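A quick write-up on the structure given underneath.
First listed ligand is number 1; within each ligand, the first listed atom is number 1. Computed from a prediction, not measured in an experiment: that's the story for all the values here.
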Amino acid sequence: MRLQKKSPCKVNLLLNILGKRPDGFHELETVMHPLNLFDEIRFERGGDGIQLTCNEPALPVDSKNLVYRAAEAFFKLHNVRAGIRLHLEKKIPLEAGLGGGSGNAATTLLGMNEIFGSPLPGPALFALAAALGSDVPFFLQNQPALATGRGEKIRPLDHFPALRGKAFLLIHPGFGISTPWAYQNLARFPEALNGRPDRAQKLVAKLQAGDLRAASAEFYNSLEAPALEKYPVLALFQEFLRANGALAALMSGSGSTTFAIVDNVDAAESLVEKFKSKFGQNCWTAIVPI
Ligand code: C5P
């Protein structure tokens, strides 16, 4: 039995960190938006235990890989003697703040459950997902969401009228940023570390009211404090994008991807051209219709 699934990614329209918790994680509120930009995971029942292959040589294919860990967690809870062959075809960049790895983990849980006859109910999948990583539960559903806690508590939201017909332009600078590094270095920025807790509601209300101009003033990411200090080029990207027609520009997650919201796909294409003639051809870019 075989199965093939698309594994999506996301941007954070807002990532507001509220403080450090006793368990070492950070309490936060975030507005996450799914992207129609995918890795692919192939599942085939058979063999012995978990066998994982991947087209990306930089990724391990053992228990350090989130796909492997998700399959392992599934087998542990759904106690069967069975084997699975998995192939991960990466297209989303690594350490990019796009949640590619978290999406892979969630998609693996969904695919495993499907190929083994749906033994696990939704709540069990959510619990497994939260144990695999803070962003993983978001990818068990496919709508924008407001996430709280350490990011694992998900409130799905309807698609935002303010973004209808618009496009995301994604720019990855060619280097990654490690998530633990970003969180550790936030300690040097007390204001960013201890955000005020009402930003998410404000942003969501403006996006739902269809007012992108007002909403764009509410886009915010606490993790820009350490990231833009270390990599000032990321601040230059945003300035350039805003000066050349982007309706909003922000770093996603812990970086290193910058995203812009643009009027439509045509506008995004001409903005990419301009961007590349200014900053060179070395960045990875993608245009994603909303
Ligand atoms: O949960 P996840 O494994 O994705 O987190 C990766 C790292 O990011 C954690 O080890 C922690 O350093 C940091 N993190 C955090 N607070 C969060 C989410 C992640 O400190 N809410």
Quick check on contacts: which atoms of ligand 1 are under 4.0 angstrom from a heavy atom of [X]?
{"X": "His26", "value": "15 (C), 16 (N), 17 (C), 20 (O), 21 (N)"}
{"X": "Gly133", "value": "1 (O)"}
{"X": "Ser134", "value": "1 (O), 2 (P), 4 (O), 18 (C)"}
{"X": "Phe25", "value": "1 (O), 9 (C), 14 (N), 15 (C), 16 (N), 17 (C), 18 (C), 19 (C), 20 (O)"}
{"X": "Thr179", "value": "8 (O)"}

Would you call [X]-[Y] a salt bridge at under 4.0 Å N-O?
{"X": "Arg42", "Y": "Glu40", "value": "yes"}
{"X": "Lys202", "Y": "Glu218", "value": "no"}
{"X": "Glu229", "Y": "Arg188", "value": "yes"}

Gly24: heavy atom below 4.0 Å from ligand 1, yes or no?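 Within the 4.0 Å threshold, so yes.
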Hey, does Leu28 sit under 4.0 Å from ligand 1 if you only count heavy atoms?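 Heavy atoms of Leu28 do come under 4.0 Å of ligand 1.
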Just by distance, no angles: are the side chains of [X] and [Y] close enough, under 3.5 Å, to form a donor-acceptor pair?
{"X": "His172", "Y": "Thr285", "answer": "no"}
{"X": "Lys278", "Y": "Asn244", "answer": "no"}
{"X": "Ser118", "Y": "Asn113", "answer": "no"}

Do me a favour and list the nearest non-hydrogen protein atom to atom 12 (O) of ligand 1 with residue, atom name and distance?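 Protein heavy atom with the smallest distance to atom 12 (O) of ligand 1: Pro180 CA, 3.9 Å.
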Protein contact to atom 13 (C) of ligand 1 [nearest heavy atom, distance to 0.1 Å]: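 Closest protein heavy atom to atom 13 (C) of ligand 1: Tyr183 CD1, 3.3 Å.
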Which atom of Glu29 lies closest to which atom of Arg199, heavy atoms considered: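 Minimum heavy-atom contact is OE2-N, 3.1 Å.
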Inspect the surroundings of CZ in Arg155 and state if more than 12 heavy atoms from other residues, nucleotides or ligands are less than 6.0 Å away.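 No, the 6.0 Å shell around CZ holds no more than 12 heavy atoms from other groups.
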Does Arg150, backbone or side chain, put an N or O under 3.5 Å from an N or O of ligand 1?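 For ligand 1, there is an N or O atom that lies under 3.5 Å from one belonging to Arg150.
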Does atom 10 (O) of ligand 1 have a protein non-hydrogen atom under 4.0 Å from it?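 Under the 4.0 Å cut-off, atom 10 (O) of ligand 1 has no protein heavy-atom neighbours at all.
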